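Worksheet: one structure, shown below.
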Amino acid sequence: MKIVIIGGVAGGATAAARLRRMNENAEIILFERGEYVSYANCGLPYYIGGTITERDDLFVQTAEGFTNRFRIDIRLLSEVTSISAEDKTIKVRNLSTGEEYAESYDKLLVSTGAAPIRLPLPGIDHPAIFTLRSVPDTDAIQSYIKQHHIKRVVIMGAGFIGLEMAENLYEAGLTVDIVEMGEQVMAPLDFSMASMVHQHVREKNINLRLKEKVVGFEAAGDTLRVLLDGGQQIETDMVISSIGVRPEKQLAESAGLKIGSLGGIWVNEYMQTSDAHIYAVGDAVEVNNPVSHQPALIPLAGPANKQARIAADNILEGNKCIYKGTIGTSIAKVFDLTVATAGVSAKVLKRQHIKYLSSYTHGYSHAGYYPGSQPLSIKIVFAPETGQLYGAQVVGFDGVDKRIEMMAQVIQNKGTIYNLSELEQAYAPPFSSAKDPVNIAGFVAENILKGKIKIAYWRDIAALDPTKDFLLDVRTEEEYGMNHIIGAVNIPVDDLRKRLDEIPTDKRIILYCAIGLRGYLAYRILIQKGFTNVYNLSGGYKTYASATCKDFCCYKPDNLDTNK
């Protein structure tokens, strides 16, 4: 069997290695239009920032090493220009010599990846404007910084890569502006969770400009002006455009292969395209989200590797292995914060008209009495009837990774919030609490579903009517004096039973405390004392303050110098 692969890196290189391990006799040819067959593109920002010091560490495998180990015909600087599905051939251009030739195949694997979006803005071709997707991009950025003694940079786009670049360029000593046309950073997050990231980024003296749009660029001597839609300008030395990626679908589309509704290459559960002899994997393909049951574009290395393994097995053995889809589990380091998400967000569920409930909980990375415990916030969304867990988001400074992975497993297996309550984690004071934050998220959601508490959300506060609603702060007098929601009356939870006559019986009562726990205790007291129209503010003052920017410094790790 002759198998041709278009594209290396996570999808193509992984598939090639799997094919050889499963079949020593197959003829395998891999075409890569770049210079490198397999490298860690997720590590590129950290090489620019100096965290990864050796350039060679970025390379998972060289073409020579790959060939020696797997006996695969790797052809670098070879661009596939067309696919003829009818006669099972491709056309190839050798980028070094200009030579063009045809190559036949029995099975073809397309792993063309995704390309950075580059908007056709005035001045976009200025030599100080870069994108980051490959090792040559990295080399160009580093070279430009050194040669031109760059001091200022503007990042266009505040997704995962944009924020990672902002952090690493900041660590390299540059002054950083981030311009994001949306209302928040990191689109997979809900706004309330992203707002914690906004605060932390700004505490690092990063100029984060939300709801602002770049409309063009102008050369200004040795500097560059970034033009914004409001008429403002930013003087800078260079620009990194990080506004997203698009699937590289042109080859597949011109070959007549089916393209999905979101613009990626359509594949079935076997990673097979609309042509029985052609498979596709990685950032170029459109996959199923098993939570929403909607198509999704999820350009992540983990899914690409898994898809490649499945496609390789199906190419060799027939369609036996199924890819069950991607829930988009992802994580990023944003300065001192760790930000993670899995499943679908509340805004996606709302857009797709899927009913849901949500819950915010705040805890700590490990037992509070053990030194070094740091804040950790969780938001979950779940089905109102069954409690099926649809999505989870975690923001914190330590232990975020293990919490998101615990919840991702529940989501992936179509589990419920009851499974969160039941999850058994390894506990010792340096690592967790006897009731882990994931368990707490499950307990709170269970109380909501079982009617033991009714919830209000931070967005509801703006719509409160003083003639109909009574806002009750059950924190201590000292906490209330430091900061509180305008219009709230303070009755500490420990005094509540003695002061019930101060609470109206003809209004809706909205309770809140710092994070929700004392609010729950107050709720249970009032309900059992005959009050019926009572709600607890989910996530307490901490979520409200963060989402509304009422308390600029309410989300930082303990004893951390944020003035670096």
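Counting begins at 1 with the first residue of the sequence. Just so you know, these numbers come straight off a predicted model, no measurement behind them.
The backbone N or O of Cys321 sits less than 3.5 Å from a side-chain atom of Asn314, completing a donor-acceptor pair. The backbone N or O of Pro45 sits nowhere less than 3.5 Å from a side-chain atom of Glu164 that would complete a donor-acceptor pair. Remark: side-chain polar atoms of Thr341 are not paired, donor with acceptor, to backbone N or O of Leu189 under 3.5 angstrom. Between the side chain of Arg133 and the main chain of Ala114, a donor-acceptor pair closer than 3.5 Å is present. Put simply, the side chain of Glu32 gets close to the backbone of Gly8: a donor and an acceptor are under 3.5 Å apart. A donor-acceptor contact shorter than 3.5 Å is absent between the side chain of Arg55 and the backbone of Tyr47. The backbone N or O of Tyr270 lies less than 3.5 Å from a partner atom in the side chain of Asn268, making a donor-acceptor pair. Proximity of a side-chain donor or acceptor of Glu167 to a complementary backbone N or O of Phe335 within less than 3.5 Å is detected. Distance alone, capped at 3.5 Å, places no donor-acceptor pair between the Arg202 side chain and the Ile206 backbone. Under the 3.5 Å distance criterion, the side-chain polar atoms of His126 are matched with a main-chain donor or acceptor of Ala128.
Across Ile380 and Ala445, no two heavy atoms sit closer than the pair CD1-CB, 3.8 Å. Residues Glu180 and Ala158 share a closest heavy-atom pair of OE1-N, 2.9 Å. In terms of heavy atoms, Leu449 sits closest to Ala383 at CD2-O, 4.0 Å. Listed here is the closest heavy atom pair of Ile327 and Val291: CG2-CG2, 4.1 Å. For the residue pair Ile378 and Val438, the shortest heavy atom distance occurs at CD1-N, 4.2 Å. Between Glu103 and Val4, the shortest heavy-atom distance links the atoms CG-CG2, 4.4 Å.
Taking the side chain as every heavy atom from C-beta outward, Thr329 and Leu300 never approach each other to under 4.5 Å. Residues Val400 and Val339 are not in side-chain contact: their nearest non-hydrogen atoms beyond the backbone lie 4.5 Å or more apart. Val381 places none of its side-chain heavy atoms less than 4.5 Å from the side chain of Ser345. Proximity of Leu163 to Ile178: side-chain heavy atoms (C-beta onward) are separated by under 4.5 Å at one or more points. Looking only at side-chain heavy atoms (C-beta outward), Asp177 and Val153 stay at 4.5 Å or farther from each other. Between Leu228 and Arg209, the closest side-chain pair of non-hydrogen atoms falls below 4.5 Å. With a 4.5 Å cut-off on side-chain heavy atoms, Met165 and Phe130 do not count as touching. No side-chain heavy atom of Leu108 sits under 4.5 Å from any side-chain heavy atom of Lys88.
Within the model, atoms CD1 of Ile28 and CG of Leu19 stand 5.0 Å from one another, a figure rounded to the nearest 0.5 Å. Distance check: Ile5 CD1 to Phe31 CZ gives 10.5 Å after rounding to the nearest 0.5 Å. For the atom pair CZ (Arg403) and CG (Leu420), the distance works out to 13.0 Å, reported to the nearest 0.5 Å. Ser242 contributes atom OG, which lies 9.5 Å from atom CE of Met156 (distance to the nearest 0.5 angstrom). Expressed to the nearest 0.5 Å, how far CG of Leu44 lies from OG1 of Thr138 amounts to 3.5 Å. Taken to the nearest 0.5 Å, the CD atom of Glu27 stands 4.5 Å off from the CD1 atom of Ile29.
Taking Tyr105 as the reference, nothing meets the ring-ring contact (aromatic ring centres under 6.0 Å, His included) condition, with sequence neighbours excluded. Scored by the side-chain hydrogen bond (donor to acceptor under 3.5 Å, both in side chains) test, Asp73 finds Arg75 as partners (sequence neighbours excluded). Partners of Glu405 by salt bridge (Lys or Arg N to Asp or Glu O under 4.0 Å), not counting sequence neighbours: none found.
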With salt bridge (charged side-chain N to carboxylate O under 4.0 Å, His left out) as the criterion, how do Arg225 and Glu235 come out once you've worked through the C-alpha distance, each side chain's angles and the decisive distance to 0.1 Å? CA-CA 5 Å; Arg225 290 195 187 103; Glu235 294 278 344; 2.8 Å; yes
Worked verdict on Val267 versus Tyr279 for side-chain contact (heavy atoms from CB on, under 4.5 Å): CA-CA 8 Å; Val267 291; Tyr279 292 74; over 6 Å; no
With side-chain contact (heavy atoms from CB on, under 4.5 Å) as the criterion, how do Glu35 and Val135 come out once you've worked through the C-alpha distance, each side chain's angles and the decisive distance to 0.1 Å? CA-CA 9 Å; Glu35 301 175 59; Val135 173; over 6 Å; no
Could you go through Val110 and Thr273, starting from their C-alpha distance and side-chain angles, then the distance that decides it, and tell me whether this counts as side-chain contact (heavy atoms from CB on, under 4.5 Å)? CA-CA 9 Å; Val110 178; Thr273 70; 5.8 Å; no
Working for side-chain contact (heavy atoms from CB on, under 4.5 Å), residues Phe191 and His198: CA-CA 10 Å; Phe191 179 83; His198 300 165; 4.1 Å; yes
Go through it in stages, so that I can follow the logic: the residues are Lys2 and Asp106, the test is salt bridge (charged side-chain N to carboxylate O under 4.0 Å, His left out), and I'd like the CA-CA distance, side-chain angles, deciding distance and then a yes or no. CA-CA 5 Å; Lys2 183 178 181 180; Asp106 295 314; over 6 Å; no
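Note on residues 292-309: pairs passing side chain to side chain donor-acceptor pair (under 3.5 Å), not counting sequence neighbours, are Thr14-Asn305, Gln307-Tyr323. Listed by first and then second residue, the side chain to side chain donor-acceptor pair (under 3.5 Å) pairs involving residues 383-392 amount to none (not counting sequence neighbours).
Atom CZ of Arg152 is surrounded by more than 12 heavy atoms from other residues, nucleotides or ligands within 6.0 Å. Within a 6.0 Å radius of NZ in Lys347, other residues, nucleotides and ligands contribute more than 12 heavy atoms. The number of heavy atoms from other shown groups lying within 6.0 Å of NZ (Lys414) is above 12.
Each of Arg18, Lys320, Arg21 was evaluated against Asp313; a single residue qualifies, Arg18, per the salt bridge (Lys or Arg N to Asp or Glu O under 4.0 Å) test.
Here Lys211 does not pair with Glu183 in a salt bridge; the nearest charged N to carboxylate O distance is not below 4.0 Å.
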For residues 79-86, run the donor-acceptor check on the side chains, cut-off 3.5 Å, and write out each pair with its distance to 0.1 Å, sequence neighbours left out.
from  : atom 1 : to    : atom 2 : distance (Å)
Thr81 : OG1    : Lys91 : O      : 3.3
Ser84 : OG     : Asp87 : OD1    : 2.5

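In this structure, a donor-acceptor pair under 3.5 Å is present between the side chains of Ser192 and Tyr360.
Note on ring orientation: taking the six-membered ring where Trp is involved, the planes of Tyr39 and Tyr36 are perpendicular (angle over 60°, cut-offs 30° and 60°).
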